Amino acid sequence: MRDSDRANDEASELTRRRFIQFSGLAGTSMLAVGILSGAEHALAAPSSALAKGPNPKECGSPKDSDSLWRLSQKCHSNNTCRQNHADYVVMGGTKSKKKYVNYILVPTQRISGIECSWICGSSAPNYWSAANYYATKPPTVVPTPVGLGINSKQARGFNQLHIHMARARLESQHDLAAQDNLAARTVAHWADSRVSIRGLSQNLGIIPHTYRVLIWPGFHHDNLFAMLRTMLKHALGHGGTTAKAQALMQYQTLIVIPRAAGGFYIINSEKALMDPNNPHLVGTDTCDPLLLMHP
């Protein structure tokens, strides 16, 4: 069995097991305690398997001059980042005149962005779990509800992977809660979900975009990048392959927002995403509309 097929089979089994786990959750408090204690354990443990790192031809060379890569490497080596870990650092995020508090989690490996297939593999650290953890750990505390997001290759400002950590917009969280029934509960059904969520457009103000939304219990043990790629394979329908899905990764934005009823909303969109029931709405390739980061 090829690695890609094995990974897909494992992702399918993971979906089944996590759905069963989600269905049996006793409550939000139990979920929060489990995720936090698990995150602390993982962050205290040594890095497991970075021996096989990202392919420089696909994910960028350590010799590249990208400014975020250079700055993150400098503060990591000097131990001057806001948070320092062997696998990632936390740095200040977008400067805002409105004093929005936001940060970014940056891998210490050279990873250009969401299009790097290595981040979908088992050797990659769980960057999303780490971002969720450090968003509640001084001095990088983000006001609740904490949202996490990553931009597409076309929408990002730097060619070094970084996850934004910022407060989720209240309009966005309200729309998600109001349309909870439209969200998927499995990765396979995530491909067909369509939810209209309001967010900020720098030019048009508060407007809705079309998103795919999955309700998920937690992601300490889940690779959200791998789940996204598996979902894209399902979205391709008959004839969809992991390779074809991987080629689409560069166009995706991925966002995580906590769900008041328990668990999280895992949110995805791209510019080409359409909703047959709302043909006047379009998708987006950036996480920015749903997070409080900009003036």
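It should be emphasised that the depicted structure is a prediction, and the values quoted were computed from it without experimental measurement.
The structure places SG of Cys287 at 8.0 Å from CD1 of Ile150, a figure rounded to the nearest 0.5 Å. With rounding to the nearest 0.5 angstrom, the CG atom of Leu224 is 9.0 Å from the CG atom of Leu148. The distance from the OG atom of Ser172 to the CZ atom of Arg198 is 8.0 Å, given to the nearest 0.5 Å. The distance from atom CE of Met293 to atom CZ of Arg167, rounded to the nearest 0.5 Å, is 14.5 Å. Interatomic distance, Ser196 OG to Leu281 CG, rounded to the nearest 0.5 Å: 5.0 Å. The line from NZ of Lys95 to CG of Asn102 is 11.5 Å long, rounded to the nearest 0.5 Å.
Judged by distance alone, the side chain of Asn278 and the main-chain N or O of His280 form no donor-acceptor pair under 3.5 Å. With hydrogens and angles ignored, the 3.5 Å screen pairs no side-chain donor or acceptor of Arg212 with any backbone N or O of Trp190. Formation of a donor-acceptor pair under 3.5 Å by the Asn78 side chain with backbone atoms of Thr80 is not found in this model. Looking at Ser129, its side chain never comes within 3.5 Å of a backbone N or O of Asn126 through a donor-acceptor pair. Side-chain atoms of Gln160 do not come within 3.5 Å of backbone N or O of Gly113 as any donor-acceptor pair. With Asn159 contributing its side chain and Ser112 its backbone, the two residues share no donor-acceptor pair below 3.5 Å. Checked by atom type and distance alone, the side chain of Trp69 pairs as donor or acceptor with a backbone atom of Pro62 at under 3.5 Å. In this structure a side-chain-to-backbone donor-acceptor pair under 3.5 Å is missing from Thr144 to Val146. Ser193 contributes a side-chain N or O that, together with a main-chain N or O of Val213, makes up a donor-acceptor pair within less than 3.5 Å. Judged by distance alone, the side chain of Gln73 and the main-chain N or O of Gln109 form no donor-acceptor pair under 3.5 Å.
Across every non-hydrogen atom of Val187 and Trp216, the tightest pair is CG2-CH2, 4.1 Å. Closest heavy-atom contact between Thr210 and Met274: CG2-C, 4.3 Å. When all heavy atoms are compared, the tightest approach of Pro145 to Leu170 is CD-CD2, 4.2 Å. In terms of heavy atoms, Gln154 sits closest to Asp285 at CB-OD2, 3.9 Å. The two residues Glu58 and Gln246 make their nearest non-hydrogen contact at OE2-NE2, 4.2 Å. For the pair Met165 and Ala135, the tightest heavy-atom approach, listed with the atom from each and the gap, is CE-N, 3.6 Å.
Other residues, nucleotides and ligands contribute at most 12 non-hydrogen atoms within 6.0 Å of the NE2 atom of His189.
Side chains of Lys271 and Val282 form no contact here, defined as non-hydrogen atoms less than 4.5 Å apart. Taking 4.5 Å as the limit, some side-chain heavy atom of Ile267 sits within range of a side-chain heavy atom of Ile197. Side-chain contact check for His162 versus Leu105: every heavy-atom pair is 4.5 Å or farther apart.
Using a 4.5 Å cut-off between side-chain heavy atoms of Ile, Leu, Val, Met, Phe, Trp and Tyr, with links allowed through other members, Val89 and Leu68 fall into the same hydrophobic cluster. One hydrophobic cluster, built from ILVMFWY side chains closer than 4.5 Å, cannot hold both Leu292 and Met91; they sit in different ones. Taking hydrophobic clusters as Ile, Leu, Val, Met, Phe, Trp and Tyr residues chained together by side-chain heavy-atom distances below 4.5 Å, Leu232 shares a cluster with Val256.
His85 and Tyr88 have parallel rings, their planes meeting at less than 30° on a 0 to 90° scale where 60° marks the start of perpendicular.
Checked by atom type, the side-chain pair Tyr265/Asp180 shows a donor-acceptor distance below 3.5 Å.
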Under the side chain to side chain contact (heavy atoms under 4.5 Å, CB included) rule, what do Arg156 and Phe158 come out as? Steps first, then yes or no, please.
CA-CA 6 Å; Arg156 68 189 183 222; Phe158 301 99; 6.0 Å; no
Hey, mind stepping through His174 and Gln179 against side chain to side chain contact (heavy atoms under 4.5 Å, CB included) and telling me if it holds?
CA-CA 9 Å; His174 175 272; Gln179 302 172 89; over 6 Å; no
Show your working on ring-ring contact (aromatic ring centres under 6.0 Å, His included) between Trp128 and Phe225 and close with a plain yes or no.
CA-CA 9 Å; Trp128 291 94; Phe225 291 118; 5.6 Å; yes
Where do Lys153 and Tyr251 land on the side chain to side chain contact (heavy atoms under 4.5 Å, CB included) test, with the steps shown first?
CA-CA 6 Å; Lys153 181 178 181 180; Tyr251 305 109; over 6 Å; no
Candidate pair Gln252 and Asn268, rule side-chain hydrogen bond (donor to acceptor under 3.5 Å, both in side chains), full reasoning
CA-CA 7 Å; Gln252 311 303 313; Asn268 158 256; 3.0 Å; yes
Do Leu214 and Arg185 pass the side chain to side chain contact (heavy atoms under 4.5 Å, CB included) test, and can you show the C-alpha distance, the side-chain angles, and the key distance before you say yes or no?
CA-CA 6 Å; Leu214 169 70; Arg185 267 67 174 179; 5.6 Å; no
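Salt bridge Arg169/Asp288: absent, no basic N to carboxylate O contact under 4.0 Å. Of the charged side-chain nitrogens involved, none lies within less than 4.0 Å of a carboxylate oxygen, so that Arg70 and Asp64 do not count as a salt-bridged pair.
Here Phe219 and Phe264 bring their ring centres to under 6.0 angstrom of each other.
Checked options Leu290, Thr284, Thr286; the residue passing with Ser269 is Thr284 (criterion: side-chain contact (heavy atoms from CB on, under 4.5 Å)).
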